[in-house]
Amino acid sequence: MFLEEGKKLGFGCLRLPHIDPDDPSDVDMEQLCAMVDRFLAAGFRYFDTAYSYLDYKSESFMRQALVERHPRESFWLTTKMPCLEMKEDSNPLQYFEEQLMKCGVDYFDCYLLHGLNARTYALAQKLGCFQLLQELKGQGRIRATGFSFHDSATVLDQILREHPEVDVVQIQLNYLDWDHAVIQSRLCHDVCVRHGKPIIVMEPVKGGTLAAVPVQAQQMMERHAPGHSPASWAIRFAASQPGVAMVLSGMSNLEQVEDNISYMKDFQPLDEQEEQILRQCAAILRQEVSIPCTGCSYCTSGCPQGIPIPRYFSLYNQHRQDGWQAEAKARYAVLAEKHGKASQCIGCGQCESKCPQKLPIIRHLAQVAQTLEA
């Protein structure tokens with residue numbers, strides 16, 4: 001498979017650089033182009049976007065920054081069919097054709113069904129999505145097929161037993177979720193390995209949570225490997241697991257690109273001592289990170305109150321760290337002037353139905369209101 005020909009670092013296109021963080025369409029194109037150029041110049045090739053990323057504009061941004069500026073054979077482009085929002089009368093082929101146009105390409109190197117779980121898998125089956133992907137692959141319009149996944153290892157095993165034809169599987173995998181009862185990173189990883197499917201890793205840094213670890217954890221990392229970022233530990237953990245072909249990093253600025261290149265250009269797997277350090281760091285994080293949100297923002301689309309849920313959860317977690325209480329409250333007050341407050345949640349539940357982490361968002365918003373609006 002083509003994934004085995006290159007390096008293991010992939011460019012995730014969900015968290016592109018923004019000029020205005022409140023406007024998903026206000027992408028810093030000058031910086032994004034510089035990031036893409038640097039990534040390719042360092043010998044990396046894999047870019048991952050999706051139909052719904054960045055208010056449905058990520059694919060168009062990547063056309064401008066990548067496709068229109070570099071030879072087609074110099075990069076690998078992956079996107080995803082929006083199974084999370086499709087209905088029983090949806091036309092999957094229509095989405096695919098639209099995505100080719102938005103990305104400005106004739107084929108996708110990898111095309112995934114987005115966010116499969118028990119519900120969306122049943123819908124994908126009904127709409128004939130798996131069969132369509134195989135037909136498109138036969139026509140040369142897709143080089144590799146697969147799906148991204150958010151559910152239990154049992155559901156994953158069912159899908160792979162019923163569809164052994166898929167080429168790759170994209171799962172959430174990081175050292176904090178490795179033994180998580182809901183995310184089941186280890187169990188899902190083991191299912192993929194058992195079925196012989198190359199793994200593409202998403203959320204290796206858990207939406208930035210593992211890039212800004214508590215002081216105690218950071219000190220442990222620094223003592224062992226001075227100058228190496230917490231993010232480097234997280235990405236190397238994911239890349240060290242058997243069967244992992246690609247690790248996606250959602251890079252938001254040129255500095256993050258440079259950091260990732262520095263340790264992934266000549267990737268070295270974790271040794272036993274480093275794995276032990278990460279187990280200790282995970283224990284520290286579980287005590288301090290109260291709301292394990294990855295910041296994917298799937299929950300915010302359609303919120304009737306306009307509540308920026310992931311950003312409030314990030315501030316709540318920050319508030320729990322020593323010395324950051326006043327700063328977290330001040331930032332919350334500024335955000336709440338432009339958006340719905342956490343206390344204005346009406347409990348409709350649409351956010352919880354979309355959350356890949358299966359978080360009790362309504363209950364967490366009540367905690368945010370009690371803590372940051374006091």
Side-chain angles (χ1 to χ4, degrees), residues 1-15 35-50 62 66 70 73-80 108-112 143-149 166-178 185-186 188-193 195-208 210-211 221 225 228-252 255-272 274-275 278 294:
M1 172 179 285
F2 72 94
L3 286 178
E4 299 171 354
E5 303 168 6
K7 300 180 179 181
K8 282 190 174 184
L9 178 66
F11 194 123
C13 304
L14 173 61
R15 299 176 175 92
M35 293 164 64
V36 166
D37 294 350
R38 180 69 182 100
F39 187 78
L40 289 170
F44 300 94
R45 304 179 65 183
Y46 192 90
F47 293 83
D48 172 274
T49 184
M62 295 316 296
L66 175 66
H70 293 277
E73 65 275 9
S74 68
F75 59 85
W76 300 331
L77 183 61
T78 291
T79 193
K80 310 177 191 74
F108 292 116
D109 296 279
C110 197
Y111 191 71
L112 309 178
R143 293 179 67 189
T145 69
F147 57 90
S148 65
F149 182 78
V166 300
D167 298 304
V168 299
V169 180
Q170 184 167 308
I171 63 172
Q172 179 169 322
L173 191 158
N174 57 68
Y175 69 83
L176 186 59
D177 293 328
W178 190 237
S185 284
R186 183 203 296 268
C188 288
H189 165 271
D190 292 349
V191 168
C192 292
V193 171
H195 284 271
K197 301 301 178 185
I199 298 168
I200 300 171
V201 172
M202 57 183 163
E203 301 294 356
V205 192
K206 201 170 173 65
L210 305 184
M221 296 174 177
H228 289 246
S229 67
S232 74
W233 284 76
I235 291 177
R236 285 181 59 227
F237 172 85
S240 297
Q241 305 310 314
V244 169
M246 190 64 59
V247 179
L248 303 176
S249 176
M251 295 171 274
S252 302
E255 289 74 20
Q256 291 175 3
V257 176
E258 294 289 0
D259 182 52
N260 284 344
I261 289 173
S262 69
Y263 56 84
M264 289 300 288
K265 61 184 177 182
D266 297 307
F267 167 67
Q268 296 296 321
L270 295 178
D271 59 32
E272 186 174 341
E274 289 172 322
E275 290 179 355
L278 285 186
T294 65

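These numbers were taken from a predicted model, which means no experiment stands behind them. Numbers here are sequence positions counted from 1. Just the heavy atoms: all of them, side chains too, but no hydrogens, waters or symmetry mates, feed the values below.
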*Going by heavy atoms in the side chains, are Phe75 and Val36 under 4.5 Å from each other?*
no
_With heavy-atom distances below 4.5 Å as the criterion, would you say the side chains of Ser249 and Gln256 are in contact?_
no
*asked:* With rounding to the nearest 0.5 angstrom, report the CG to CE distance, Leu9 to Met251.
replied: 5.0 Å
_Looking at Asp271, is its backbone amide N or carbonyl O close enough to the side chain of Glu274 to form a donor-acceptor pair, meaning the two atoms are under 3.5 Å apart?_
yes
_Minimum heavy-atom distance between Thr49 and Cys13, given as atom pair plus value_ = CB-CB, 3.9 Å
*Would you call the rings of Phe39 and Phe11 parallel, tilted or perpendicular if under 30° counts as parallel and over 60° as perpendicular?*
perpendicular
*Search all heavy atoms of Pro242 against all heavy atoms of Ile199 and return the closest pair with its distance.*
O-CD1, 4.2 Å
*Does some side-chain heavy atom of Lys7 sit less than 4.5 Å from a side-chain heavy atom of Lys265?*
yes
*Taking the side chain from Asn174 and the backbone from Val205, do they hold a donor-acceptor pair closer than 3.5 Å?*
no
*Inspect the surroundings of CD in Glu275 and state if more than 12 heavy atoms from other residues, nucleotides or ligands are less than 6.0 Å away.*
yes
*Side chains of Asp48 and Met202 in contact at under 4.5 Å (non-hydrogen atoms)*: no
*Check the pair Val169, His195 against side-chain contact (heavy atoms from CB on, under 4.5 Å), reporting the backbone distance first and the verdict last.*
CA-CA 10 Å; Val169 180; His195 284 271; over 6 Å; no
*What are the two closest non-hydrogen atoms of Lys206 and Thr294, and how far apart are they?*
CG-CG2, 3.7 Å
*Report yes if some heavy atom in the side chain of Leu210 is under 4.5 Å from a heavy atom in the side chain of Trp233; otherwise report no.*
no
_Can you tell me how far apart SG (Cys188) and CD (Gln170) are? Round to the nearest 0.5 Å._
13.0 Å
*So, for Met264 and Lys8, which heavy atoms are closest and what is the spacing to 0.1 Å?*
CE-CB, 3.9 Å
_Main-chain N/O of Thr145 paired to Asp167 side chain as donor or acceptor, under 3.5 Å_ = yes
*Taking the six-membered ring for Trp, are Phe147 and Phe149 parallel (under 30°), tilted (30 to 60°) or perpendicular (over 60°)?*
perpendicular
*What heavy-atom pair brings Ser148 and Leu112 nearest, and what distance separates the two atoms?*
N-CB, 4.2 Å
*Under a 4.5 Å cut-off applied to non-hydrogen side-chain atoms, are Arg236 and Val247 in contact?*
no
*Rounded to the nearest 0.5 Å, how far apart are CG of Asp190 and CD of Gln241?*
9.5 Å
*Atom pair NE2 (His189) and NZ (Lys197), whose distance is rounded to the nearest 0.5 Å*: 15.0 Å
*asked:* Is any side-chain heavy atom of Trp178 closer than 4.5 Å to one of Leu173?
replied: yes
_Set out, in order, the CA-CA distance, both residues' side-chain angles and the distance that settles side-chain contact (heavy atoms from CB on, under 4.5 Å) for Thr79 and Tyr111, then state yes or no._
CA-CA 5 Å; Thr79 193; Tyr111 191 71; 3.6 Å; yes
*Would you call Glu203 and Arg15 a salt bridge, using N to O less than 4.0 angstrom?*
yes
*asked:* Working to the nearest 0.5 angstrom, can you tell me the gap between Leu77 CG and Leu66 CG?
replied: 6.5 Å
*What are the two closest heavy atoms between Ala42 and Ile261, and how far apart are they?*
CB-CD1, 3.6 Å
*asked:* Would you compute the distance between atom CG of Leu14 and atom CG of Leu248 and round it to the nearest 0.5 angstrom?
replied: 10.5 Å
*Looking only at atom types and distance, does a side-chain atom of Ser185 sit under 3.5 Å from a main-chain N or O of Gln172, one as donor and one as acceptor?*
yes
*Please tell me if the side chains of Phe47 and Leu40 come closer than 4.5 Å, counting only heavy atoms from C-beta onward.*
yes
